[in-house]
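Numbering of ligands and ligand atoms starts at 1, following listing order. The model shown is predicted, which means the values in this text are computed figures rather than measured ones.
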Amino acid sequence: MTITEILGSITELLLAGVDTTSNTISWSLYHLAKEPQIQEQLYQEVIRACPGDKVPTSDDITKMPLLKAIIRETLRLYPVVPGNARITAENEIVVGDYLFPKKTLFHLCHYAVSYEESIFPDPQTFLPQRWLRGGDDKIKQHPFGSIPFGFGIRACLGRRVAELEMYLLLSRVIKHYKIRPDPAGKTVKPIARTLLCPATPINLQFLDRRALQEEERATA
Ligand code: HEM
């Protein structure tokens, strides 16, 4: 590899491989802090699949459907890559009643698509259960309702790594800490700066579960 290729690859891996997953985890913690019931359900799922001092591994993740649903719902609300583009290089195409000549540049706004009410009822609300099989709110999902990793041969190369990274991190964090929201009660909105990022800092409290349990025992 030339030095230019090495520098280009490092920049790309930092942008594609670090900021994407870290922003997504920040949003999922933000919502779990605001939704203590969902956080408790996740905690129960994690300690059921991975009891005692055991550190969650990729095998344990297969027993954590809620964990996966939380990441999917987070990426629906905050698709960290908010837009995607494609050029129809070779053929003209018809979409609905419109004819697009060849070499048309299409831009897909993931952010707008994944808030479509006919596909996701109550689209502004964080509802991980909409992704769970057999869940009350489960509707027949449109396969392209939310495609945060893109689609086709140029879809995200790091998808599996990214998902595993986020599942492992979130399950480990939840196992050790109870997450509480910013006592100042500030709402954080997203902003597109190439990637979709929090417009203001996300402040959270992390309470050590072991210390909380010891405190509870001491006061009982
Ligand atoms: C939450 C995490 C992530 C999301 C939502 C995400 C999303 C995306 C999207 C939408 C694309 C463009 C796909 C398309 O044009 O159809 C993409 C491309 C790409 N992503 Fe990710 N990504 C994530 C994490 C990662 C990670 C962790 C890595 C590397 C370890 C990575 C590496 C790449 C690469 C190399 C491409 C370019 C693929 C190509 O052009 O053929 N991504 N990603």
Novice: When you measure from atom 32 (C) of ligand 1 to the protein, is at least one non-hydrogen atom found at a distance under 4.0 Å?
Specialist: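 When distances to the protein are checked, atom 32 (C) of ligand 1 has a heavy atom within 4.0 Å.
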Novice: Report the nearest protein non-hydrogen atom to atom 27 (C) of ligand 1: residue, atom name, distance rounded to 0.1 Å.
Specialist: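 Checked against all protein heavy atoms, atom 27 (C) of ligand 1 sits closest to G17 CA, 3.5 Å.
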Novice: Can you tell which part of E165 has a heavy atom less than 4.0 Å from ligand 1: side chain, backbone, both or neither?
Specialist: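 Answer for E165: neither.
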Novice: What protein heavy atom sits nearest atom 4 (C) of ligand 1, and how far away is it?
Specialist: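 Looking only at protein heavy atoms, the one closest to atom 4 (C) of ligand 1 is F149 CE2, 3.4 Å.
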Novice: Is the shortest N/O to N/O distance between T20 and ligand 1 below 3.5 Å?
Specialist: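 Such a contact does not occur with ligand 1.
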Novice: Nearest protein heavy atom to atom 26 (C) of ligand 1, by residue and atom, and its distance?
Specialist: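 So the nearest neighbour among protein heavy atoms is A16 O, 3.3 Å.
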Novice: Below 6.0 angstrom between ring centroids: does that apply to W131 and F120?
Specialist: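 Yes, ring centres under 6.0 Å apart.
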Novice: What protein heavy atom is closest to atom 34 (C) of ligand 1, reported as residue, atom name and distance in Å?
Specialist: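 Sorting protein heavy atoms by distance from atom 34 (C) of ligand 1 puts L157 CB, 3.8 Å first.
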Novice: Going by the order shown, which atoms of ligand 1 are within less than 4.0 Å of some heavy atom of A162?
Specialist: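 Under 4.0 Å from A162, ligand 1 has these atoms: 2 (C), 24 (C), 27 (C).
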Novice: To the nearest 0.1 Å, how far is atom 15 (O) of ligand 1 from its closest protein heavy atom, and which atom is that?
Specialist: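 Result: N84 ND2, 2.7 Å.
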Novice: Taking only heavy atoms of F151 into account, list the atoms of ligand 1 that are under 4.0 Å away from them.
Specialist: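 Every atom of ligand 1 under 4.0 Å from some heavy atom of F151: 16 (O).
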Novice: For atom NZ of K186, is the number of surrounding heavy atoms from other residues, nucleotides or ligands below 6.0 Å larger than 12?
Specialist: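 Counting other residues, nucleotides and ligands, NZ of K186 stays at 12 neighbours or fewer.
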Novice: Between Q37 and Q41, is any side-chain donor less than 3.5 angstrom from a side-chain acceptor?
Specialist: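 Q41 and Q37 do not have a side-chain donor-acceptor pair below 3.5 Å.
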Novice: Between D208 and H176, do the side chains contain an N or O donor and an N or O acceptor separated by less than 3.5 Å?
Specialist: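 Side-chain D/A pair, D208 to H176: absent.
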Novice: Quick check: does any side chain N or O of E73 sit under 3.5 Å from a backbone N or O of L127, one acting as donor and the other as acceptor?
Specialist: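 Yes; at least one donor-acceptor contact below 3.5 Å.
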Novice: Can you name the atoms of ligand 1, numbered from 1 with element, that are less than 4.0 Å from a heavy atom of P148?
Specialist: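 Per the distance check, 5 (C), 7 (C), 10 (C).
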Novice: Among E163, R154, R86, which residue places a heavy atom closest to atom 41 (O) of ligand 1?
Specialist: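 The option holding the nearest heavy atom is R154.
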Novice: So, S26 versus N23: side-chain donor-acceptor pair below 3.5 Å or not?
Specialist: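 No, no side-chain donor-acceptor contact under 3.5 Å.
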Novice: What atoms in ligand 1 come closer than 4.0 Å to a heavy atom of T24?
Specialist: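 Answer, ordered by atom number: 1 (C).
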Novice: Just wondering, are more than 12 heavy atoms of other shown residues or ligands nearer than 6.0 Å to OH in Y115?
Specialist: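 Above 12, so yes.
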Novice: So is M166 in contact with ligand 1, going by heavy-atom distances below 4.0 Å?
Specialist: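 Within the 4.0 Å threshold, so yes.
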Novice: What do you reckon, are the aromatic ring centroids of H31 and Y78 less than 6.0 Å apart?
Specialist: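 Aromatic pair counts; centres sit under 6.0 Å.
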Novice: So, E163 and R159, do they make that salt bridge, N to O below 4.0 Å?
Specialist: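 Salt bridge flag = yes for R159 with E163.
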Novice: Quick one: nearest non-hydrogen protein atom to atom 18 (C) of ligand 1, plus distance?
Specialist: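 Checked against all protein heavy atoms, atom 18 (C) of ligand 1 sits closest to C156 CA, 3.6 Å.
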Novice: Got a salt bridge between D60 and R172, using NZ or NE/NH1/NH2 to carboxylate O under 4.0 Å?
Specialist: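 R172 and D60: not salt-bridged.
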